[in-house]
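Keep in mind it's a predicted model, so treat the numbers as computed, not measured. Along the sequence shown, the residues carry numbers beginning at 1. Every number for a ligand or one of its atoms is a count from 1 in the order of the listing.
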Amino acid sequence: MHSATLLLALGSGLLASAWPLPTTFPLEDGFPNPTPDQLAQIEQQAFGTLSNSTPPANITSDSLDSFRLIAFNEIFETLFFDQLLRNMTDGIDGYEIPDDWDSEFLIRQINATVAQEQLHALTANGALQHFGADPIQPCTKYNFPVSSLYEAIDFAATFTSVVLGTLQDVIVTFAQTPEQAGFTGAIASVIGQEGEQEGWYRVLLGKIPNELPFLTRSTRELAFSILQNFVDPASCPNIGDIQLKTLTPLTLLNPPNATDSTIYLSVATTNLNSTAPLNAVYINQQNVPVVVPTTNSTQDDQTVFAAEFPYVAHELNGLTLILLTDSEGPFASAEDATAASNIGPAIAIIN
Ligand SMILES: *[C@@H]1O[C@H](CO)[C@@H](O)[C@H](O)[C@H]1NC(C)=O
Ligand SMILES: *[C@@H]1O[C@H](CO)[C@@H](O)[C@H](O)[C@H]1NC(C)=O
Ligand SMILES: *[C@@H]1O[C@H](CO)[C@@H](O)[C@H](O)[C@H]1NC(C)=O
Ligand SMILES: *[C@@H]1O[C@H](CO)[C@@H](O)[C@H](O)[C@H]1NC(C)=O
Ligand SMILES: *[C@@H]1O[C@H](CO)[C@@H](O)[C@H](O)[C@H]1NC(C)=O
Ligand SMILES: *[C@@H]1O[C@H](CO)[C@@H](O)[C@H](O)[C@H]1NC(C)=O
């Protein structure tokens with residue numbers, strides 16, 4: 001399946017389909033509450049340790065939400081890579097490693113990733129606990145829209161690129177208050193770490209590892225909205241602690257290519273509150289969001305919006321986050337576009 005095709009699963013009724021069996025916690029290695037011995041094992045597998053430096057003096061309540069989102073996301077990633085490792089090593093249909101991929105190497109890499117994502121999650125939950133907030137608990141129902149090794153690597157490359165954009169938002173909010181600015185270095189270290197993974201997944205997909213000169217910016221709200229397509233929120237014990245807006249799902253019907261074209265985006269008509277004309281917003285690289293008008297038509301219970309995708313004028317390579325808004329902009333930043341939008345994001349990745 002082509003990366004773009006896979007993303008049609010976003011917001012397109014996954015929640016209505018049958019859920020896999022619930023995941024039970026703790027995992028075999030004790031996650032998310034390992035004993036000291038189990039933690040030492042995880043650190044061995046991760047090739048490194050949790051930080052032992054002194055945390056910053058204080059934190060804003062908004063930045064506690066950043067740690068909650070990071071924990072929610074890193075737990076999701078832990079579960080994903082843990083399942084992927086099992087699928088590969090248990091010989092699940094579709095997970096045979098192609099001859100031109102080095103299987104021992106790939107298993108070694110994913111095995112390290114499982115433990116490294118656990119340490120990322122434990123760090124975020126540890127910060128929450130340090131400041132007297134409840135840690136984020138794992139959901140029990142995750143539904144990853146993949147059933148082959150190629151799809152799994154493609155999905156990993158996609159959510160990792162969203163994470164790389166979102167941690168930019170997190171680092172900016174941490175930097176705005178001096179008492180917590182000490183967290184910025186640790187976040188930067190994770191951005192690099194996830195970037196190393198991203199480059200590797202892209203190479204497996206036949207792409208060059210270095211996607212763009214400046215990776216696309218995302219926001220915490222957009223990441224939180226995307227993640228909720230892949231969990232049953234009712235199975236997440238304290239998802240309500242994450243005080244970030246969730247946008248209405250948007251489905252991209254025809255993923256764009258490296259050329260100017262018209263794209264079609266669909267929304268469940270019942271989720272449209274008003275008949276005001278909507279514009280499409282494209283967030284790409286470090287540029288101000290591009291805003292274009294849409295036309296619309298109704299198909300069954302969906303409203304389909306058509307919008308020009310001006311690939312050539314803006315070199316819209318790599319990750320593009322697509323929103324719908326009744327505002328005409330212009331928007332100074334991804335944050336401004338997010339604040340003005342209630343629908344999205346759909347995701348396109350070109351090259
Ligand atoms: C993962 O790493 C751990 C620690 O090095 C090792 O014990 C385990 O066998 C590895 N698992 C796989 C599937 O390679
Ligand atoms: C930490 O910040 C909160 C609000 O941002 C404030 O109420 C509290 O007094 C601060 N605590 C310390 C120890 O500075
Ligand atoms: C593992 O394989 C099962 C069965 O094909 C599939 O439903 C699931 O999405 C796969 N998970 C991952 C992470 O590849
Ligand atoms: C991009 O190319 C694919 C494969 O040829 C096609 O299915 C898709 O509709 C194209 N996208 C657009 C926006 O034309
Ligand atoms: C749909 O298109 C009509 C014009 O054909 C326009 O009046 C209306 O505002 C549009 N609705 C949305 C939600 O964009
Ligand atoms: C519709 O209105 C509700 C309640 O005001 C709001 O939460 C939701 O985001 C709106 N949906 C859209 C697509 O604007």
Given the side-chain rings of Phe105 and Trp200, with only the six-membered ring counted for Trp, is the space between their centroids under 6.0 Å? yes
Quick note on ligand 1: atoms under 4.0 Å from a heavy atom of Asn111 include exactly 1 (C), 2 (O), 3 (C), 8 (C), 10 (C), 11 (N), 12 (C), 14 (O)
* With a 6.0 Å cut-off on ring centres, are Tyr201 and Phe155 close enough? -> no
For Glu196, the side chain to side chain donor-acceptor pair (under 3.5 Å) test, sequence neighbours excluded, returns none
Residues 172-182 vs salt bridge (Lys or Arg N to Asp or Glu O under 4.0 Å), sequence neighbours excluded, gives none
Legend entry - Arg108/Asp102 salt bridge by N-O under 4.0 Å criterion: no
In short, ring pair (Phe, Tyr, Trp, His ring centres under 6.0 Å) pairs touching residues 329-351 with sequence neighbours left out are none
- Query: For Gln168 and Gln286, what are the C-alpha separation, side-chain angles and deciding distance, and is it a side chain to side chain donor-acceptor pair (under 3.5 Å)?
  - Reply: CA-CA 11 Å; Gln168 298 172 35; Gln286 295 290 308; 2.8 Å; yes
**Q.** N/O separation below 3.5 Å, Thr60 to ligand 2
**A.** no
Sorted by chain and residue number, the residues with a non-hydrogen atom under 4.0 Å of ligand 4 are Asn254, Pro255, Pro256, Asn257, Ser261, Thr262
